[in-house]
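Some notes on the structure that comes next.
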2 protein chains.
Amino acid sequence: MTVPPGRRERKKAATRRKIADAALRLFLERGYEAVGIRDVAAEADVAVTTVFSHFASKEALVFEQDEDFGQRLLRAVTDRAPHEPLIPALRDRIGALVRHCTTDAAAPIQRMIDASPALREYEEAARLRHAESLATAIAADPDRPRTTTACRTIARFVVDAYALARDAADPEAAVEEIFRMIEAAWEVTRPATHPTDPVGS
Amino acid sequence: MTVPPGRRERKKAATRRKIADAALRLFLERGYEAVGIRDVAAEADVAVTTVFSHFASKEALVFEQDEDFGQRLLRAVTDRAPHEPLIPALRDRIGALVRHCTTDAAAPIQRMIDASPALREYEEAARLRHAESLATAIAADPDRPRTTTACRTIARFVVDAYALARDAADPEAAVEEIFRMIEAAWEVTRPATHPTDPVGS
DNA sequence: ACCATAGCACTAACGGTTAGCTTTTAAAAA
DNA sequence: TTTTTAAAAGCTAACCGTTAGTGCTATGGT
């Protein structure tokens, strides 16, 4: 309840980071599947139940930092200047996220994820959730109104773009190419307007 | 090696069906999560290991028949008449699949899947695999050539359409709406051609 | 100083999944 | 036919992620 960050919360955060660091170290050392939760707990010198009180699952240990993906995507929609077009804003944000994940020192982590079906599935499931919240943000946008289906569809296309671009040979070019497609898909959902009424009803 | 379907394979198929039937019966009776693999094995009167020698996972027991989803989608691309446009063929096929899953007597099964996060994740992961094979089929199509990225993107959009339409209030209308978007996205990937050269290079 | 509570530990277990090994039984070889 | 092989199924026991139950300790509010 108090404003100052108490010692308790600092300790809790420290334990959390200790666990995450130990886990990542072991995963990169021996491979994700070869390391058990019990190994992680021992390395971090905590109990198994403590691990699960900080992380919902073994996979969540890997995506600890990556959790703000959805937040960033949402802000690309909600925090943009008035009348700034939606799709280019999303394209730029996705481009930045892709760059962050391909050029960063996150290369070994990326290789680890690609090597584990369980991790890939987890990431994809997380993306689905992000698509859901992105869809509601788009639907609430003061832009020209679209149907619920159109918003959910575009949201899904956008998160697909991230996954597709990352796997492409040239991720940056792929973002451009995919977003040309998304832009076209978004355009055809514009409610009909008279040519003399370009602002809409 | 012999041509007639040997007794062995018949018995094996019988065991498989016995297991799948028992599993579905129990799942619908008590709920998916409330039924253990050991319960299924007992109901089918087989050993637990036998269940896993026929099905890769507990979730696979539910999607036993649904495995031809990918096949049907592929045939929509490969088996269509020459010069029949690609996207409408896919739209019709997706529409048929959606209808099959919403109007059929598969309603209780659908409710069961919706109620279990594990099953929804499994289905989504399966769709990703379908998208991959669909992408290669589209890339190999004698249609106007597109980039690998464009093919993979459209494949993903198409399988998204299935998931999105099923969850929509009016699935049939949603298919139409989403495929108008997909059609537009596909159009902008057409390689540049002279207006006097409509067949392409 | 005192107490409510959050954080953590420990044990034990559950449920999906797999490994190792034996038994049955259909199919092929002799 | 008899013998051999190998697939199919069984049993036991375990691994691994995850959770419930319980209690201890230390922190923070009063």
Side-chain angles (χ1 to χ4, degrees), chain A residues 1-24 26-27 30-64 116-123 125, chain B residues 1-24 26-27 30-64 116-123 125:
Chain A
M1 281 299 189
T2 59
V3 182
R7 182 176 323 169
R8 201 120 120 186
E9 309 186 359
R10 261 184 296 123
K11 281 202 172 187
K12 180 168 182 174
T15 302
R16 181 189 168 91
R17 188 150 302 158
K18 190 170 61 166
I19 294 171
D21 290 352
L24 204 56
L26 289 184
F27 289 161
R30 312 183 200 163
Y32 176 76
E33 336 247 29
V35 177
I37 288 286
R38 289 157 179 91
D39 299 327
V40 174
E43 176 84 4
D45 199 28
V46 297
V48 173
T49 48
T50 304
V51 174
F52 282 107
S53 74
H54 285 275
F55 300 92
S57 66
K58 186 188 179 187
E59 295 94 48
L61 284 166
V62 173
F63 295 98
E64 195 231 351
S116 161
L119 288 178
R120 282 208 306 271
E121 265 195 42
Y122 181 87
E123 199 180 10
Chain B
M1 280 301 188
T2 58
V3 183
R7 183 177 320 165
R8 210 162 178 153
E9 309 186 1
R10 260 185 297 124
K11 281 203 172 185
K12 179 168 182 173
T15 302
R16 181 189 170 91
R17 189 150 300 160
K18 191 169 59 166
I19 295 171
D21 290 352
L24 205 56
L26 289 185
F27 289 160
R30 312 183 200 163
Y32 176 76
E33 335 246 30
V35 177
I37 288 287
R38 290 157 179 91
D39 298 327
V40 173
E43 176 84 3
D45 198 28
V46 297
V48 173
T49 49
T50 303
V51 174
F52 282 106
S53 75
H54 283 275
F55 299 92
S57 66
K58 187 188 179 188
E59 295 94 48
L61 284 166
V62 173
F63 295 98
E64 196 231 352
S116 162
L119 288 177
R120 282 208 306 271
E121 265 195 43
Y122 181 89
E123 198 181 10

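So you know, we letter chains A, B, ... as the sequences are listed, proteins then strands, and number each from 1.
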What distance do B:Arg120 atom CZ and B:Glu59 atom CD have between them, rounded to the nearest 0.5 Å?
->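 One gets 13.0 Å once the value is rounded to the nearest 0.5 Å.
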Counting the atoms with a prime plus P, OP1 and OP2 as sugar-phosphate, which does [X] contact under 4.0 Å by heavy atoms, base, sugar-phosphate, or nothing?
{"X": "A:Asp45", "value": "sugar-phosphate"}
{"X": "A:Val35", "value": "sugar-phosphate"}
{"X": "B:Val48", "value": "base"}

Can you tell me how far [atom2] of [N] sits from [atom1] of [X], to the nearest Å?
{"X": "A:Lys18", "N": "C:dC8", "atom1": "NZ", "atom2": "C1'", "value": "11 Å"}
{"X": "A:Ile19", "N": "C:dC8", "atom1": "CD1", "atom2": "P", "value": "7 Å"}
{"X": "A:Leu61", "N": "D:dG17", "atom1": "CG", "atom2": "P", "value": "10 Å"}
{"X": "B:Arg16", "N": "D:dA9", "atom1": "CZ", "atom2": "P", "value": "11 Å"}
{"X": "A:Phe55", "N": "D:dG17", "atom1": "CZ", "atom2": "C1'", "value": "16 Å"}
{"X": "A:Phe52", "N": "D:dG21", "atom1": "CZ", "atom2": "P", "value": "17 Å"}
{"X": "A:Asp39", "N": "D:dC16", "atom1": "CG", "atom2": "P", "value": "8 Å"}

By nearest nucleotide on DNA chain C, pick out whichever of B:Lys11 and B:Tyr32 is the more 5' one.
->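 By nearest-heavy-atom nucleotide position, the 5'-most residue is B:Tyr32.
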Considering only side-chain heavy atoms of [X], which listed nucleotide, [options], is closest?
{"X": "A:Thr50", "options": "C:dC8, D:dA9, D:dT18", "result": "C:dC8"}
{"X": "B:Val46", "options": "D:dA9, D:dG10, D:dT18", "result": "D:dG10"}
{"X": "A:Ile37", "options": "C:dA9, C:dT18, D:dT18", "result": "D:dT18"}

Phosphate OP1/OP2 of D:dA9 contacted by B:Thr15 side-chain N/O (<4.0 Å) |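 Yes, such a contact exists.
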May I ask you to verify if any side-chain N or O of A:His54 is less than 4.0 angstrom from the OP1 or OP2 atom of C:dC8?
->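 True: A:His54 side-chain N/O within range (under 4.0 Å) of C:dC8 OP1/OP2.
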Kindly indicate whether a cation-pi arrangement holds for B:Lys58 with B:Tyr32, taking the cut-offs as under 6.0 Å to the six-membered ring centre and within 45° of the axis.
->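 Yes, B:Lys58 lies over the aromatic ring of B:Tyr32.
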5'-most by nearest nucleotide on DNA chain D - A:Glu33 or A:Thr49 =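 Closer to the 5' end of DNA chain D: A:Glu33.
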Looking only at atom types and distance, does a side-chain atom of B:Asp21 sit under 3.5 Å from a main-chain N or O of B:Lys18, one as donor and one as acceptor?
->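 Here the side-chain-to-backbone pair does not exist.
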Base C:dG15 to side chain B:Arg38, donor-acceptor N/O within 3.5 Å cut-off |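 By the distance-only test, no, there is no pair.
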The single option from A:Val40, A:Thr50, A:Leu61 passing side chain to side chain contact (heavy atoms under 4.5 Å, CB included) against A:Phe55 |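 For A:Phe55, the side chain to side chain contact (heavy atoms under 4.5 Å, CB included) check succeeds only for A:Leu61.
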Check whether any side-chain heavy atom of A:Glu123 lies under 4.5 Å from a side-chain heavy atom of A:Leu119, and answer yes or no.
->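 SC-SC contact between A:Glu123 and A:Leu119 ruled out.
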